[in-house]
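Below: the structure, in structure tokens.
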Amino acid sequence: MRVTALAGGIGGARFLRGVLAALPDADVTVIGNTGDDITLHGLRICPDLDTVMYTLGGGISAERGWGREDESFVVAEELAAYGVGPAWFGLGDRDLATHLVRTEMLDAGYPLSDVMRALCERWQPGVRLLPMTDDRVETHVVIADEDGQRAVHFQEWWLRLRAAVPAQAIVPLRAETAKPAPGVLDALGEADVVLLPPSNPVVSIGTILAVPGIRDAVRETAAPVVGVSPIIGGAAVRGMADACLTAIGVETSAQAVGVHYGGRGRAAATPAQAGAGPAEAPAGTAEGLAAAPAGLLDGWLVDTVDAGAVVPGATVLARPLLMTDLAATVAIVRSALEVAGV
Ligand code: FO1
């Protein structure tokens, strides 16, 4: 089975561990968010790609969910001794080697997708890890300040400001001219199932979808598309997805995020679900075109506390969604495959 997943950082990586455990023989492609990427001390850092690589490759810090296990921060301490920041971005000594190799390869002219392939030679994550694009896209956040407003890098907003300063806008800079990285559109078109893990719907999944061509590839793939809500009972499970959803005017609820992604309005996967969403209008007819909502989802997993959620055009399935351990995550993956009908 060919599985393609769009993934952000920590939540997405944990979900993917469940995908690999549930489908040990599947051919899994991960399309990773690069909007979180930042250049510090001349080094290119790709937090979400590295989090997936380390988590699936066995190098992740279990305690932090990002960066390396058995990490030290001596170089960061030395930088601080020189008064060189930013102190708010934890640069680990082992992690630095990844940024040094990546920066060296980028400076030599290798595209990011080749760099990640090379880094994954070491880590063997068990998935094909593709950046959403090889072009430079960075998420910046517009906030109010004493002079009116200014833009800060997403990482500064996320880590120094803890997303506590309202975002007036969240902008994936230069997404509009970015091209999907090699293999991304094929991975979406040729998949047997496409998964949207419980990553941040705005700055992770949303940023990936902002690369021209990717949203349409999800919308048009023959594969069933199933998402997993990152919001349980009106609260973000981790991170500060609520601050991001508020910034784009979306209520922090499982239903609102599902509606934000939108249902695809296709015939339900199995007759049992036929009653759950609008039957597919004959393809190619006026109704067919009119009936096809602009959405992405055939299935939307919500937690049992959100069982009443409705997403027009998608089948909603309520199951426990807390990824408390690998077994729980495997059960969530199995539920996603159930609603996908695969
Ligand atoms: N997240 C933090 O909460 N604090 C940090 O100091 C931090 C440093 C860091 C360094 C490398 C890296 O790959 C990820 C890092 N993260 C850190 C996570 C990073 O901010 C992610 O982009 C966000 O968690 C959103 O996905």
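Please read all numbers here as calculations on a predicted model, not as lab measurements. Note that ligands are numbered from 1 as they come in the structure, with each ligand's atoms numbered from 1 the same way. What's counted below: heavy atoms across the whole structure, side chains too, no hydrogens, waters or symmetry copies.
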> How far is atom 13 (O) of ligand 1 from its nearest protein heavy atom, and which residue and atom name does that atom have?
Replying inline: Pro47 CA, 3.2 Å

> atom 1 (N) of ligand 1: which protein heavy atom is closest, and how many Å away?
Replying inline: Trp66 NE1, 3.3 Å

>> Do Leu23 and Val3 have side chains that approach each other closer than 4.5 Å (heavy atoms only, starting at C-beta)?
In response: yes

Is it true that a side-chain atom of [X] and a backbone atom of [Y] form a donor plus acceptor pair closer than 3.5 Å?
X	Y	answer
Arg319	Ile332	no
Trp300	Ala254	yes
Ser113	Leu130	no

Which of the numbered atoms in ligand 1 are under 4.0 angstrom from any heavy atom belonging to [X]?
X	result
Trp88	6 (O)
Phe89	6 (O), 9 (C), 10 (C), 11 (C)
Asp95	11 (C)

What I want to find out is whether [X] reaches [Y] closely enough, with some N-O distance under 4.0 Å, to be called a salt bridge.
X	Y	answer
Glu138	Arg44	yes
Glu69	Arg94	no
Arg2	Asp27	no

> Will you find, in the side chains of Thr98 and Tyr54, an N or O donor that is under 3.5 Å from an N or O acceptor?
Replying inline: yes

> Who's closest to atom 6 (O) of ligand 1 heavy-atom-wise, of Gly90, Ser204, Ala241?
Replying inline: Gly90

> Which is closest to atom 19 (C) of ligand 1 by heavy-atom distance: Arg64, Gln155, Met240, Arg238?
Replying inline: Gln155

> Quick one: does Leu159 get within less than 4.0 Å of ligand 1, heavy atoms only?
Replying inline: yes

> Any idea which part of Val203 is under 4.0 Å from ligand 1, heavy-atom wise: side chain, backbone, both or neither?
Replying inline: neither

> Counting heavy atoms only, which part of Trp158 comes closer than 4.0 Å to ligand 1: side chain, backbone, both or neither?
Replying inline: side chain

> Looking at ligand 1, does any of its N/O atoms fall within less than 3.5 Å of an N/O of Asp48?
Replying inline: yes

>> Would Asp36 count as being in polar contact with ligand 1, using the rule that some N or O on each side must be under 3.5 angstrom apart?
In response: yes

